[in-house]
Amino acid sequence: MSPESSTGPLEIPVKPRFKKPPACDYCKARRVLCHPQPEGRSCPRCLEKGVKCTTTPSVRRRRTRQHEIKFVVAKKAVAINRGNKSNEDDTPSHAMNLDTIRDGTEVRMSQGQALQTSTGLTLTTPSVVPYACTSQSHILATSSVGLNGGYTKPIAYAPVSSRPQLQLPKRLMQELFNAFIHTPYRLHPIIPYDRIHARLTGCGWQPSALSPQEYVLVHCIFALTSTVSTDPLIIGPETLPVECIDILTTSYPMKKIRRDLREIGRRRESVGMCHQLRAEALRLAHNEGIAVWVSPENAASCCLLDTLLSQYDSPNSYGAAFAWQARRLAESWYKQPQLYNWTFGTVDRSVKWACFLMVDVLAALHPDRSVDFSAHDEQLICGHDQLSLEELTLLLGQGCNGLGQYYGYFLSIIFQITCHAREVYERISGPCARGRTYDLQVIKSYVASLNLLHHLCGAFGEYGITLANQNQSQSMTIVGVLRTLWIGWTNLALHFYGTIRGVLEQSSVTNVYTARPHGIIDDIYWSGDFDSDIGLEQATSSSELAPVFSVARDLACRAAVEFSKQIEEVYLISTLAQTRIMGGQLKKWVQLVVEVTDAGIMSASVGIQTLERLRDGMKIAGFSCTDNTHILEGIDSHLSTLMNSSASAQNPSHILTRNYNPGYHPSANSDSYPSV
């Protein structure tokens, strides 16, 4: 028998483990290996270096037990439920220094998370709201505030990632939100400005008390208004010129302000607050997933974000998200028309929708991209029947009886402008059209329709001025929609001219300004009746495109003159500052006028007047953004050249086009009527 079996297993003695002493201060400071010695003796390194070896004892915090964490969280939740929030250190403050931006990786527990941990509740955040579990009809049958119960919790209960990283003083929030009424987007029917204003006032201007979707919209409004705000925190503390103190409320700024405002735009860029506000709005919108959940507030946020990003030529999906949400809201309204009556269902709202949808078309037109909404979407949202160009010509020839008929005609003309914008992209200028031989018949038909639209706008403008005289209370709206019409047609003519010019430049024509039509330009201009015997196989022939180009150039010259007059009649500076509405293509207009005056197509006198209006408009638009304002010096140089050659410009051969009257302006008497 072995010893183990008789006495049990052998016990092996284990030597006690001694904890290694901490490194000395010298070795710790140099982050090198230390060999501490017992009984306070110096370590070898300190002994070698001849320094005193000291060791500062470190105090280690006691590890918090899991049950203690739950106790603290539960205690905090009870305090929240009792309304005792005065001592909560995670309640957001809204009057902090603007230069202080919190770290986005902050991991403190929010009040909502405390409730969730202590009570076992599932706190649903906006980014994961189960919309798919609720039918669309049920969602849209609720009020705009209560689209989803989890989605309307105040932002204070949201995760830390949804908390603001940019803290604004209460005064600046009030300034930016209240100044939004001086921007054209205050008139957009999708933006519930009055309701959000009432909500902010009711909660003491603490946006954290709003629902996440309202919270994002508020920050989008802040960002948009900052592009025109004159607050010192936006443009710096330097004193403003006297005429710019109340510039947001100054009517007809082009006629009253002669100062170059580009310096204010440079100050705005230098301070950088408008860029920070835009970045914060985008961050919050991304966190809350506003592009994927349908609500009026989310649609409004998508609209404003698309506006902000398009000013910087940034590709974004918010325009498409806005079109989709507006379509879904309109579809719901048709099912239950009593809902959202502040958005759809009246002529006034249809007119506003038509104006802003046309602005969206122009934003897509010049970058040569597809429009985000279809003709069906436009009819659904605006709720009107479209008349053809021929029907409009016949009806306008019979007169316009009353405002109802005036606005009805306006909706049809706007629809024709947006349809022509889609057509030129899909059949002439877009990637699919460029990939095949140009269809000359399509181009001829298009230029004839564009010319007919020009005459319709002229006839419509004459009725508009008459109605404005007869209805003083409606004069601002009447002239405002008329101006929108002219902005749409002029931009359409500019884009078509650039398209045909590009076609000729790709052909054998080396100088497009030597292209002359085969026949009488007046016949082509008035009837659009080209030689029908031209075969489609000759569609890219430069000799056959020359007459089309001549008419397109003539229309573009007329459009340049008209557009410059519309700039002069802008009612508020914020309209001119919005690149999507007015100022986005000022550089292209200037290039056109310079080219046609150099080539002798436009007379020097007309060219000088047009360039001066465009130059002054760019000086005023520089108040918001300094983009493209560097070409002002080039405009002044060209003006000097034109003025020096004004004597030769009086030659009749240099006049713009046969039968062209430079004084013709359908809204020439609009000085008496402010526009939106």
Side-chain angles (χ1 to χ4, degrees), residues 164 166 168 172-197 199-200 205 207 210 213-231 233-235 247-249 264-265 268-269 271-286 288 290-291 296-314 316-319 321-322 325-326 352 355-357 359-360 362-363 570-584 621-627 676:
L166 181 65
L168 303 179
L172 180 60
M173 288 192 291
Q174 292 175 325
E175 165 68 21
L176 292 176
F177 197 88
N178 293 333
F180 183 74
I181 64 173
H182 303 303
T183 69
Y185 286 90
R186 166 65 179 89
L187 299 173
H188 202 301
I190 198 61
I191 298 178
Y193 177 83
D194 293 332
R195 181 169 60 77
I196 299 297
H197 186 272
R199 293 268 291 152
L200 276 174
W205 288 90
L210 303 176
Q213 53 189 345
E214 294 170 333
Y215 185 76
V216 174
L217 176 56
V218 166
H219 277 268
C220 291
I221 290 175
F222 290 163
L224 184 73
T225 311
S226 69
T227 61
V228 294
S229 172
T230 57
D231 191 278
L233 292 175
I234 302 297
I235 63 172
I247 193 169
L248 289 183
T249 56
I264 298 177
R268 193 184 307 276
E269 296 284 334
V271 172
M273 179 51 60
C274 59
H275 296 292
Q276 293 184 49
L277 288 169
R278 187 178 79 254
E280 178 69 357
L282 285 168
R283 186 187 69 85
L284 292 171
H286 175 75
E288 302 302 337
I290 66 163
E297 292 82 5
N298 286 349
S301 295
C302 288
C303 172
L304 296 182
L305 288 173
D306 183 41
T307 301
L308 286 166
L309 294 177
S310 66
Q311 298 194 52
Y312 299 90
D313 296 326
S314 301
N316 71 93
S317 59
Y318 286 108
F322 166 66
Q325 294 203 32
K352 291 178 180 178
C355 291
F356 282 101
L357 290 181
V359 170
D360 293 340
L362 299 185
V570 166
Y571 186 59
L572 293 177
I573 190 173
S574 59
T575 302
L576 184 60
Q578 294 298 322
T579 58
R580 287 166 66 96
I581 298 179
M582 294 291 289
F623 162 82
S624 173
C625 182
T626 56
D627 289 351
V676 293

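Remember, it's a predicted structure, so these values are computed and weren't measured experimentally. All residue numbers in this chain count up from 1 along the given sequence.
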Side chains of [X] and [Y] in contact at under 4.5 Å (non-hydrogen atoms):
X: L282; Y: L309; result: yes
X: L304; Y: H188; result: no
X: F623; Y: V228; result: yes

Closest heavy-atom pair and its distance - [X], [Y]:
X: S226; Y: L277; result: CB-CD1, 3.6 Å
X: H286; Y: Y318; result: N-OH, 4.2 Å
X: A300; Y: I190; result: CB-O, 3.7 Å
X: L210; Y: Y215; result: CB-N, 4.2 Å
X: F356; Y: P184; result: CZ-O, 3.2 Å
X: S229; Y: E175; result: OG-OE2, 4.2 Å

| field | side-chain contact (heavy atoms from CB on, under 4.5 Å) against A326, all qualifying residues, sequence neighbours excluded | value |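 Only F322, W353, I381 meet the side-chain contact (heavy atoms from CB on, under 4.5 Å) criterion with A326.
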| message | Please enumerate all residues that pass side-chain contact (heavy atoms from CB on, under 4.5 Å) together with H182, with sequence neighbours excluded. | response |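 Partners of H182 under the side-chain contact (heavy atoms from CB on, under 4.5 Å) test: L248, T249.
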Distance in Å, [X] [atom1] paired with [Y] [atom2], rounded so as to fall on 0.5 Å steps:
X: I181; Y: L187; atom1: CD1; atom2: CG; value: 10.5 Å
X: L172; Y: L233; atom1: CG; atom2: CG; value: 5.5 Å
X: C274; Y: L308; atom1: SG; atom2: CG; value: 9.5 Å
X: R283; Y: Q276; atom1: CZ; atom2: CD; value: 12.5 Å
X: C220; Y: I290; atom1: SG; atom2: CD1; value: 5.5 Å
X: D231; Y: R268; atom1: CG; atom2: CZ; value: 10.0 Å

| With F180 via ring pair (Phe, Tyr, Trp, His ring centres under 6.0 Å) - residues at least two apart |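 Once residues adjacent in sequence are excluded, the partners of F180 under the ring pair (Phe, Tyr, Trp, His ring centres under 6.0 Å) criterion are Y193.
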| How would you list, by chain and number, every residue that makes a ring pair (Phe, Tyr, Trp, His ring centres under 6.0 Å) with F222, sequence neighbours excluded? |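 Only H219 meet the ring pair (Phe, Tyr, Trp, His ring centres under 6.0 Å) criterion with F222.
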| said: Checking T230 against I235 for the side-chain contact (heavy atoms from CB on, under 4.5 Å) test, could you report, in this order, the C-alpha distance in whole Å, the side-chain angles of both residues, the deciding distance, and whether it holds? | reply: CA-CA 6 Å; T230 57; I235 63 172; 4.2 Å; yes
| Within residues 216-228 or reaching into it, pairs that qualify as salt bridge (Lys or Arg N to Asp or Glu O under 4.0 Å) - sequence neighbours excluded |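 Residue pairs with at least one partner in residues 216-228: there are none.
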| task | Give every residue pair that meets the salt bridge (Lys or Arg N to Asp or Glu O under 4.0 Å) criterion with at least one member in residues 182-194, sequence neighbours excluded. | result |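 As it turns out, the salt bridge (Lys or Arg N to Asp or Glu O under 4.0 Å) pairs with a partner in residues 182-194, which skip direct neighbours, are R186-D194.
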| T307 side chain vs C303 backbone, donor-acceptor pair below 3.5 Å |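 Indeed, once roles are kept as given, a pair shorter than 3.5 Å links the two residues.
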| Judged by atom type as modelled, is there a donor-acceptor pair below 3.5 Å linking the side chain of S624 to the main-chain atoms of T227? |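 Present.
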| task | List the steps, then state whether side-chain contact (heavy atoms from CB on, under 4.5 Å) holds for N178 with H197. | result | CA-CA 8 Å; N178 293 333; H197 186 272; 3.3 Å; yes
